[in-house]
Amino acid sequence: MNVAAKPEVVAVVVAGGRGMRAGGGVPKQFRRVDGRTVLSRSLAAMLASDRVGRVVCVIHPDDRGLYEAALAEVPAALRARLAPPAHGGMTRAESVRNGLEAVAALGGAEIVLVHDAARPFASPALLARSVAAAERFAAAVPGVPVTDTLKTVTEGGAIAGTVDRTPLRAVQTPQAFRFASLLDAHRRAAAAGRDDFTDDGAVMEWAGHAVHVFEGERSNMKLTTPEDFADAEARFAAARETRTGLGYDVHAFGAGDHVMLGGVRIPHDRGVEAHSDGDVVLHALTDAVLGTMADGDIGSHFPPSDPQWRGASSDRFLAHAVARLAARGGRIVNCDVTVVCEAPKVGPHRDAMRARIAEICGIAADRVAMKATTSERMGFTGRREGLAAQAIVTVTLPAEHA
Ligand code: MG
């Protein structure tokens with residue numbers, strides 16, 4: 001990635017909380033919304049932004065297993081920019097400080113975005129505004145006007161007064177800072193025994209910095225209660241559409257001792273003639289994923305004339321297509337593949353192929369079907385001249401991209 005002209009941006013996603021109020025028996029960041037954990041959505045939102053380089057997640061040490069499971073829902077191509085997780089502390093402030101120290105250990109950054117894992121709806125536009133605000137100000141936080149009428153009440157419940165809401169803002173994350181300034185403020189606050197700050201803007205205020213408020217997003221809600229989760233589910237249902245894509249690929253047999261199918265090396269008395277590794281299953285799936293977005297085909301993204309794809313491992317092609325889908329807020333619902341050949345036998349490798357495809361796509365293996373058939377010795381596959389694969393992929397993605 002060419003970031004020479006841009007300040008290097010790192011995001012710290014704070015996921016160490018123990019909040020169980022949302023129900024489900026796990027901390028709320030590990031609850032699912034529309035089939036995926038809140039944490040994997042928040043991480044993917046950060047990783048899908050072309051303004052954000054590395055991402056460090058702060059987790060509670062007890063949540064390691066939940067974290068690993070959530071990562072499996074993040075597309076592999078995006079996961080590559082995720083640094084090892086930092087461990088949270090006793091308070092939010094301590095957790096953020098640990099995340100910042102982890103960033104410092106990685107070599108630091110120009111700008112850091114600090115984001116609560118419980119806000120999975122931060123849009124690419126909001127992230128771009130966050131980075132732009134941190135380029136202008138040492139400290140900037142997103143805020144939205146307060147729309148409810150605010151009252152002060154007595155202990156007995158009587159109204160004592162009405163608050164002028166004009167100057168009020170409800171503050172969100174991602175909050176954006178010059179990295180060195182925020183790290184220094186957190187270290188000073190810790191040294192002074194102040195670990196009670198509930199957001200990072202407040203730490204910077206305490207450290208004497210002016211904190212700027214930029215335009216937040218009403219849709220960037222924090223999921224806390226069961227009602228919040230119900231609202232989020234309804235939003236997803238209303239705002240998504242389903243699409244289907246089809247892929248087909250053929251390669252001729254040639255000299256060799258194995259074929260690659262579904263990312264799995266299968267011993268065979270022939271190889272395939274191909275510019276890449278000739279994996280018809282992954283090529284058909286790549287075309288099917290691109291097809292859901294009307295986004296060209298594998299040949300337009302990876303021209304066979306380009307020497308860099310010679311012998312390339314085809315998982316890169318599929319990971320690229322899945323990353324393009326994720327960048328639109330889409331995800332794969334299921335894949336169904338049929339391999340057509342007389343040999344090799346696919347059955348013994350079926351589950352390994354399903355597992356590998358699921359891994360590349362960032363979905364569960366039970367969303368990947370793998371079938372095989374011969375063509376009864378008819379046609380080119382029947383004459384054992386080559387093998388073919390068909391794939392169909394269903395995706396869900398935001399309807400705003402319709
Ligand atoms: Mg091919």
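All ligand and atom numbering here is 1-based and tracks the order in the structure.
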Task: N/O/S atom name from Asp249 that is nearest to the position of the Mg ion (ligand 1) - done: OD2
Task: Heavy atoms of other groups near Arg169 CZ, more than 12 under 6.0 Å - done: yes
Open item on the list: For a distance under 2.8 Å, tell me if Asp279 has an N/O/S atom near the Mg ion (ligand 1).
Closed with: no
Open item on the list: If I consider every N, O or S atom in His283, which one ends up closest to the Mg ion (ligand 1)? I only need its name.
Closed with: ND1
- [ ] Sequence neighbours left out, what pairs pass salt bridge (charged side-chain N to carboxylate O under 4.0 Å, His left out) with at least one residue falling in residues 209-230?
- [x] Asp116-Lys222
Counting only pairs under 3.5 Å, give me each side-chain donor-acceptor contact of residues 256-268, with atom names and distances, residues two or more places apart or in other chains.
residue	atom	partner	partner atom	Å
His258	ND1	Arg265	NH2	3.4

Open item on the list: Using a 6.0 Å cut-off, check whether atom NZ of Lys371 has over 12 heavy atoms from anything other than its own residue.
Closed with: yes
